Amino acid sequence: QKEVEQNSGPLSVPEGAIASLNCTYSDRGSQSFFWYRQYSGKSPELIMFIYSNGDKEDGRFTAQLNKASQYVSLLIRDSQPSDSATYLCAVGGRGKLIFGQGTELSVKP
Amino acid sequence: DAGITQSPRHKVTETGTPVTLRCHQTENHRYMYWYRQDPGHGLRLIHYSYGVKDTDKGEVSDGYSVSRSKTEDFLLTLESATSSQTSVYFCAISESDPSADTQYFGPGTRLTVL
């Protein structure tokens, strides 16, 4: 079992819809959770992080964390074609940060 | 990419040759990292540094060595490049604890080993 798992996609949603990206992790000692966005040919850039159970909102983005289920998700409301990218989940704990393989999102006009 | 540069940005080399990639930061961050990114594998940590002359191995360190003689520079060396080391290499930095602090990435180096 991989330490951090994401569906590789591609996930295709129509413009204006909600995109839901999911990530599961295996280490119950994990304490910090990050979502990065990576456009094709570019480097990863941080979208948001979350440390506590529940929801955290930043503009059109909402991160949701459920430590009991070892699950973190990213919701993108009112998806735009410019949101088309690969989204990387990263999970931190015990002195290290582990990345998932990323989910490719395609937003169709 | 602000504050982090990588050189070269692209390199093609032959099997068995040594290769050195350079990461330079202007943020004065304590931690620096080297990752490789391959399809289906995401980002995997090669080595990291937690201070000048202080380095440690990551998940995929075999065949790689690193050095950090100044806060701002972190070098990754492939002593004898192999085709399996064809990849995109990213440098990253963080101010503190790699498991809790945001990491910021450089623009990447695309390395092809023929």
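Within every chain, numbering begins at 1; the chains are lettered A, B, ... in the order of the sequence lines, protein sequences first and strands thereafter. In this text the structure is predicted, and so the values were computed from the model without any measurement.
- Linking Ile, Leu, Val, Met, Phe, Trp and Tyr whenever their side-chain heavy atoms come within less than 4.5 Å leaves B:L111 and B:L75 in two separate clusters.
- Neither the backbone nor the side chain of A:F33 comes within contact range of chain B; no heavy atoms are under 4.5 Å apart.
- Without hydrogens or angle criteria, A:S43 side chain to B:G106 main chain gives a donor-acceptor distance under 3.5 Å.
- For the atom pair OG1 (A:T86) and CD (B:Q37), the distance works out to 8.0 Å, reported to the nearest 0.5 Å.
- The line from OH of B:Y35 to CZ of A:F99 is 4.5 Å long, rounded to the nearest 0.5 Å.
- If you chain together hydrophobic residues whose side chains sit under 4.5 Å apart, A:L75 and A:I47 never meet in one group.
- Within the 3.5 Å criterion, the main-chain N or O of B:A100 finds a donor-acceptor partner in the side chain of A:Y51.
- Both B:Y31 and A:L46 sit in one connected hydrophobic cluster of ILVMFWY residues. Membership requires side-chain heavy atoms under 4.5 Å apart, directly or through other members.
- Residue B:R110 places its CZ atom among 12 or fewer non-hydrogen atoms of other residues, nucleotides or ligands, all under 6.0 Å distant.
- Counting non-hydrogen atoms of other residues, nucleotides and ligands closer than 6.0 Å to CD of B:E95 gives a total of 12 or fewer.
- What you find for B:L43 and A:P44 is that their closest heavy atoms are CD1-CG, 3.9 Å.
- In this structure, CG on B:D101 lies 8.5 Å from CZ on A:F49, to the nearest 0.5 angstrom.
- Rounding to the nearest 0.5 Å gives a distance of 7.0 Å between CD of A:E3 and CD of B:E59.
- The two atoms that bring B:F90 and A:Q38 nearest to each other are CZ-NE2, 3.6 Å, heavy atoms only.
- The number of heavy atoms from other shown groups lying within 6.0 Å of CG (A:N7) does not exceed 12.
- A heavy-atom distance below 4.5 Å is found between the side chains of B:Q103 and A:L97.
- No more than 12 heavy atoms of other residues, nucleotides or ligands shown are found within 6.0 angstrom of CD on B:E14.
- Minimum interatomic distance between A:G95 and B:P98 (heavy atoms only, all atoms of both residues): O-CG, 3.5 Å.
- Here the OG-CZ distance, from B:S99 to A:R94, works out to 10.5 Å after rounding to the nearest 0.5 Å.
- Ranked by heavy-atom pairs under 4.5 Å with chain B, the first of A:G102, A:G93, A:G41, A:A90 is A:G93.
- Other residues, nucleotides and ligands contribute only 12 or fewer heavy atoms inside 6.0 Å of the NZ atom of A:K96.
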